[in-house]
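This structure is in structure tokens; I'll ask about it shortly.
The figures here come from the full heavy-atom set of this structure, side chains too, leaving out hydrogens, waters and symmetry mates. Proteins come first, then strands; the chains are lettered A, B, ... in the order of their sequence lines, and each starts at number 1.
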Amino acid sequence: KNQVEQSPQSLIILEGKNCTLQCNYTVSPFSNLRWYKQDTGRGPVSLTIMTFSENTKSNGRYTATLDADTKQSSLHITASQLSDSASYICVVRSGSQGNLIFGKGTKLSVKP
Amino acid sequence: DTGVSQDPRHKITKRGQNVTFRCDPISEHNRLYWYRQTLGQGPEFLTYFQNEAQLEKSRLLSDRFSAERPKGSFSTLEIQRTEQGDSAMYLCASSSVVGGTGELFFGEGSRLTVL
């Protein structure tokens, strides 16, 4: 069964600290993996999209990694800011035009 | 604004009433998706269109739900005889199947509260 699991479910960190969010998937065939940021009450916004051949991709203070062998991805946030408080959703596409499998998200709270 | 727009952003209705949501995708995108999201959960797929054709419907889309995209541009999602369990955020997203990675661009969502 195609599944995307994220951990932790929620995370509280202090402003300025780094954090890493995890995404494990059992999706086959794999096409690409995306990380989205979703502010409370808003629609998700894309952070990165990674294909099979990509190991690391950065977008400002966000760095995503992908290990296609172990079917794991991580999203590292550097020097967190209050505005990073949001849910971060991992999404895996199955096949070139296939279904998108959504994780339940990690809710990140950055405290001053 | 050239992003995905949804209307209304918020809707409060009484149980048993019908509601309709509208989504205007990015103009050159030929795929349009509807998702439902409840608190603390990721979006759940409801249905998607390629141009005006509805290509897939989730089992979540009961017979009270109907979606249309009559001219391959904007789409509507109607819920008839609403139930309290229909309370959720309804998200619309669009993408292009021509080139690129098929990345989804989401709207801000329409939040439904059924009293």
### Query
Can you say whether B/L39 sits under 4.5 Å from chain A via the side chain, the backbone, both, or neither, judging by heavy atoms?
neither
### Query
Is the number of heavy atoms from other residues, nucleotides or ligands within 6.0 Å of CD (A/Q9) greater than 12?
no
### Query
Should B/Y35 and A/F102 count as side-chain neighbours, where that means a heavy-atom distance under 4.5 Å?
yes
### Query
Closest approach of B/P43 and A/I89, non-hydrogen atoms and distance?
CD-CD1, 3.9 Å
### Query
Is it the side chain or the backbone of A/Q6 that comes within 4.5 Å of chain B heavy atoms, both, or neither?
neither
### Task
Decide side-chain contact (heavy atoms from CB on, under 4.5 Å) for A/L100 and B/Y48; before the verdict, give the C-alpha distance in whole Å, the side-chain angles of both, and the deciding distance to 0.1 Å.
CA-CA 11 Å; A/L100 291 172; B/Y48 90 91; over 6 Å; no
### Message
Has B/E108 got a side-chain atom pairing as donor or acceptor with A/G43's backbone, closer than 3.5 angstrom?
### Response
yes
### Query
Is there a chain of hydrophobic side chains (I, L, V, M, F, W, Y, each step under 4.5 Å between heavy atoms) that links B/F45 to A/V27?
no
#### Entry: Region of A/S87 that comes under 4.5 Å of a non-hydrogen atom in chain B
neither
### Query
Between A/Y36 and B/F106, is the ring centre distance below 6.0 Å?
yes
### Task
Mind listing the closest non-hydrogen atom pair of A/R34 and B/L104 along with its distance?
NH1-N, 3.4 Å
### Task
Go through the atoms of B/Q37 and report whether side chain, backbone, both or neither lie under 4.5 Å from a heavy atom of chain A.
side chain
### Message
Heavy-atom count check: over 12 atoms from other residues, nucleotides or ligands less than 6.0 Å from B/E78 CD?
### Response
yes
#### Entry: A/R42 atom CZ, neighbour heavy-atom count above 12 within 6.0 Å
no
### Query
Of the backbone (N, CA, C, O) and the side chain (C-beta and beyond), which part of B/Q6 lies under 4.5 Å from a heavy atom of chain A, both, or neither?
neither
### Query
Is the number of heavy atoms from other residues, nucleotides or ligands within 6.0 Å of CG (B/L55) greater than 12?
yes
### Query
For B/R15, does the CZ atom have more than 12 heavy-atom neighbours from other residues, nucleotides or ligands under 6.0 Å away?
no
#### Entry: A/K71, NZ atom: more than 12 neighbouring heavy atoms under 6.0 Å
yes
### Message
So for atom NZ, which belongs to B/K57, do other residues, nucleotides or ligands contribute more than 12 heavy atoms lying within a distance under 6.0 Å?
### Response
no
